[in-house]
Every structure is written in structure tokens, then in C-alpha cells.
Engineer: 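Have a look at the structure that comes next, please.
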Amino acid sequence: MSAELETSEGVDESEKKGSGASEKENHTKMADLSELLKEGTKEAHDRAENTQFVKDFLKGNIRKELFKLATTALYYTYSALEEEMERNKGHPAFAPLYFPMELHRKEALTKDMEYFFGEHWEEKVRCSEAAQKYVERIHYVGQNEPELLVAHAYTRYMGDLSGGQVLKKVAQRALKLPSTGEGTQFYLFENVDNAQQFKQLYRARMNALDLNLKTKERIVEEANRAFEYNMQIFDELDQAGSVLARETQEDGLPVHDGKGDVRKCPYYAAKPDRGSLEGSSCPFQTALAVLSKPSLQFILAAGVALVAGLLAWYYM
């Protein structure tokens, strides 16, 4: 019997388990953050991959008014994210991932909002309840735990460079948007010549961050949280679509019947400081003028633009 085997037999079970746990911890500590994120968000990825939103959008079942509402949520999300990235561009746990020229989306989204909503569009839209929760979380992270910005930036921008490019083509075709890019500026990265190469660079920078095991675990947890915030926005739009579907008339289009508090609409556009609700209306009324049956399309199309980030996991 070899000395190696004898030594192994001389170790009790608790010591073996302790040694195994230590090895696993060391492996995790040394593992690339991008790989940890991929493995650690697999469950969230699977849920997103199997949503009807993803499946139906890829088939081109989208309508412009719901696309506009989803673009609005994107505008508020990226405004918050890029504000906090700017605030923390010198933080050692984030600085290597600061690519404003290549990645930032707020300016592009502003162009899309102007295209869809026209002049003075800021007065016509507001952040929905679910999107506001996402925005608040991003601001909290940026101001209190900036190292976790990695999770939000990676989840969003890598998705934009991956699945988002597929969505751009689908949206242009299904919504008959101009081939020159109006309405889909969000998906256009003018300063990224090769998306695949840039993603490799981004992952390499991320993997080179000097982070301990605990911080890596927290970043993975925050990435899962980002998935959940996106899913909450999908649910909110889904609920709004369901309300419209229930109000559909057999021989006509769904309309707001005037019952209940219009402020409960997640996209109610009136400003709180305007006082009376007189003259205010749910912006979904505009959508109803152009939407037609089957009503299920309201629900399936709701998460159109926001699903770009989740679709990234198909291609990474």
C-alpha cells in the first residue's frame, strides 16, 4: 500500500469535508467574475428564456404603443445607471469598466423618445412604479455600494450588444420603422466596431478587478436582483395589458371606461403637483387607437425593449 493512500485513510471524514470546502472556496475566489455571473444567474436566465415575452417578440409580435412605453422605462433606467457610473468613474472597483463613448445609452434613448413622443416629450411621460424601484436601487448602489454597479452595467450593456441587435432588426421590420435608425437609436453603438471583440475586452477588464470572494458573491447576487427588477417591469406591463384585454368589446377596441382612479395606471402621465386630475388621462388610450385584436398581443408585446438585456444570455 502506498504512503499516499495510507495518509488519505488516516484523515477522518470531517477533515475531508473541511478540505473539500476549502478547495471549493479557493476555486471560487480564483474564478473569473464573468464565469461566476454566468453560473450564478443561470436560474434567472432560464426563467427569462422561457417567458412568453422573449418567444413572442422573436416572432415579431409587437405593437408600437407598447414599444414606446417600454422605451420609456429604458430611458429612466439608463439615466440612473449612467448618472451613477459617472459618479463612480474613478472608483477602483468600477473605473476599468467606464466606457462612456462606447456604451452609454441615455443620449440615444433621448433621440428615440423624441421620435416616438414628439416635442416636449418630457412632459408627456413619467417613470412607472416598477421602473422607479429599479431606478432607486441603482442610485442606492451607486451612492453606497459602488462595487455592485458592475452587476447592473454588465447585465444591461452586454445584453444590448448581444440580443439587442437581434431586437433592432425585428422591431424595424415589425413596426415598419425607418431603416435609417429612427426609433431604434438605443440599439446603435456607433463607437463599437466589433461587438464580439468589445465584449471580450469588457469581460477581461471585469475579470481583472481586484475583488475578494465576498464581493464577487455580492455582485452575482446583485445581478440576480437586476434580473428581478426587469421581470417586475414586465409584470407591470403585463398587468396593464390584461386590464385592456378585459375591457375589450366584442365589436370594437378596448377603451378606458373612466371607472376607478386613473392614477393607478402605471404610466399615468399627470404630474403630482398639478392638483386636479381634470383633463388627465391614461396614456394607454392613445395606444388603443392603433391596437387591434387579438388582445393577447397586448401582453406578449409589453416587455419589448427591456427584454434586450435578458436575450443576451442566448448569445453569451
Side-chain angles (χ1 to χ4, degrees), residues 33-34 37 41 44 48 69-113 122 125-164 167 185-192 195 198-199 202-203 205-206 209 215 218-234 236 303-313 316:
L33 180 57
S34 61
L37 280 165
T41 59
L69 294 176
T71 300
T72 301
L74 279 171
Y75 171 79
Y76 285 109
T77 299
Y78 279 87
S79 295
L81 180 57
E82 288 164 13
E83 178 182 339
E84 294 307 328
M85 288 168 63
E86 183 69 24
R87 184 198 307 274
N88 291 283
K89 62 184 179 181
H91 194 286
F94 185 77
L97 301 180
Y98 183 68
F99 291 97
M101 294 297 295
E102 293 86 352
L103 294 180
H104 283 195
R105 300 288 85 204
K106 182 179 178 179
E107 183 177 347
L109 281 163
T110 298
K111 294 178 181 178
D112 288 340
M113 295 293 281
E122 299 95 332
V125 301
R126 63 165 293 184
C127 189
S128 70
E129 183 177 348
Q132 183 61 34
K133 291 179 180 178
Y134 195 0
V135 165
E136 289 172 358
R137 178 60 188 177
I138 291 171
H139 282 310
Y140 175 84
V141 165
Q143 295 169 29
N144 298 279
E145 302 177 274
E147 63 276 8
L148 300 186
L149 277 177
V150 175
H152 292 279
Y154 177 72
T155 300
R156 290 304 323 176
Y157 292 116
M158 294 300 96
D160 301 335
L161 288 168
S162 301
L167 292 178
Q185 289 293 306
F186 169 72
Y187 304 108
L188 179 61
F189 290 81
E190 295 181 331
N191 296 313
V192 176
F198 186 85
K199 287 188 292 184
Y202 195 92
R203 292 190 186 100
R205 290 279 191 94
M206 186 171 63
L209 293 173
T215 302
R218 289 170 57 229
I219 289 173
V220 172
E221 181 181 350
E222 189 67 21
N224 278 297
R225 190 192 296 264
F227 270 97
E228 291 302 321
Y229 279 118
N230 279 285
M231 294 301 290
Q232 287 173 19
I233 293 175
F234 296 157
E236 182 180 67
V304 172
L306 281 171
V307 80
L310 300 178
L311 271 174
W313 302 99
M316 290 194 292

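Both backbone and side-chain heavy atoms feed into the values below; hydrogens, waters and symmetry mates do not.
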Engineer: I want to check something: taking the side chain as every heavy atom from C-beta on, are F186 and T71 in contact at a cut-off of under 4.5 Å?
Structural biologist: no
Engineer: Please report the shortest heavy-atom distance between L149 and V141, naming the atom on each side.
Structural biologist: N-CG1, 3.6 Å
Engineer: Please tell me if the side chains of H152 and R156 come closer than 4.5 Å, counting only heavy atoms from C-beta onward.
Structural biologist: no
Engineer: Walk me through it: do R87 and E83 pass the test salt bridge (charged side-chain N to carboxylate O under 4.0 Å, His left out)?
Structural biologist: CA-CA 6 Å; R87 184 198 307 274; E83 178 182 339; 3.8 Å; yes
Engineer: Applying ring pair (Phe, Tyr, Trp, His ring centres under 6.0 Å) between Y134 and each of Y229, Y76, Y78, report the one that passes.
Structural biologist: Y229
Engineer: Rounded at 0.5 Å granularity, tell me how far OH in Y75 sits from OG1 in T77.
Structural biologist: 11.5 Å
Engineer: Sequence neighbours excluded and cut-off under 3.5 Å, please list the side-chain donor-acceptor pairs for residues 91-104, or say none.
Structural biologist:
from, atom 1, to, atom 2, distance (Å)
H91, ND1, A93, N, 3.0
Y98, OH, E86, OE1, 2.3

Engineer: If every non-hydrogen atom of T41 is compared with every non-hydrogen atom of A223, which pair is closest and at what distance?
Structural biologist: CG2-CB, 3.9 Å
Engineer: Rounded at 0.5 Å granularity, tell me how far OG1 in T110 sits from CD in Q185.
Structural biologist: 11.0 Å
Engineer: Check the pair R225, N230 against side-chain hydrogen bond (donor to acceptor under 3.5 Å, both in side chains), reporting the backbone distance first and the verdict last.
Structural biologist: CA-CA 9 Å; R225 190 192 296 264; N230 279 285; over 6 Å; no
Engineer: Report yes or no: does R203 contribute a side-chain atom to a donor-acceptor pair with the main-chain N or O of S34 at less than 3.5 Å?
Structural biologist: no
Engineer: Atom CD in E145, atom CG in L148: separation rounded to 0.5 Å?
Structural biologist: 5.0 Å
Engineer: With a 6.0 Å cut-off (strictly less than), is the heavy-atom count around CD of E107, excluding the residue itself, greater than 12?
Structural biologist: no
Engineer: What's the shortest heavy-atom distance between T72 and V125, and which atoms?
Structural biologist: CG2-CB, 4.0 Å
Engineer: Could you grab the distance from atom OG of S79 to atom CD of E84, nearest 0.5 Å is fine?
Structural biologist: 11.5 Å
Engineer: Measure the OH-CG distance between Y187 and D160 for me, rounded to the nearest 0.5 Å.
Structural biologist: 8.5 Å
Engineer: Considering all heavy atoms of both residues, which atom of L37 and which atom of I219 are nearest to each other, and what is their separation?
Structural biologist: CD2-O, 4.0 Å
Engineer: In Å and rounded to the nearest 0.5 Å, what is the CZ to OG1 distance from F227 to T155?
Structural biologist: 5.5 Å
Engineer: Please test N224 against E221 for side-chain contact (heavy atoms from CB on, under 4.5 Å), starting from the C-alpha separation and ending with a verdict.
Structural biologist: CA-CA 5 Å; N224 278 297; E221 181 181 350; 5.7 Å; no
Engineer: Decide yes or no for V150 and L33: does some side-chain heavy atom of the first lie under 4.5 Å from some side-chain heavy atom of the second?
Structural biologist: yes
Engineer: Please check if the side chain of N88 supplies one atom and the backbone of P146 the other of a donor-acceptor pair under 3.5 Å.
Structural biologist: no
Engineer: Looking only at atom types and distance, does a side-chain atom of E82 sit under 3.5 Å from a main-chain N or O of R105, one as donor and one as acceptor?
Structural biologist: yes
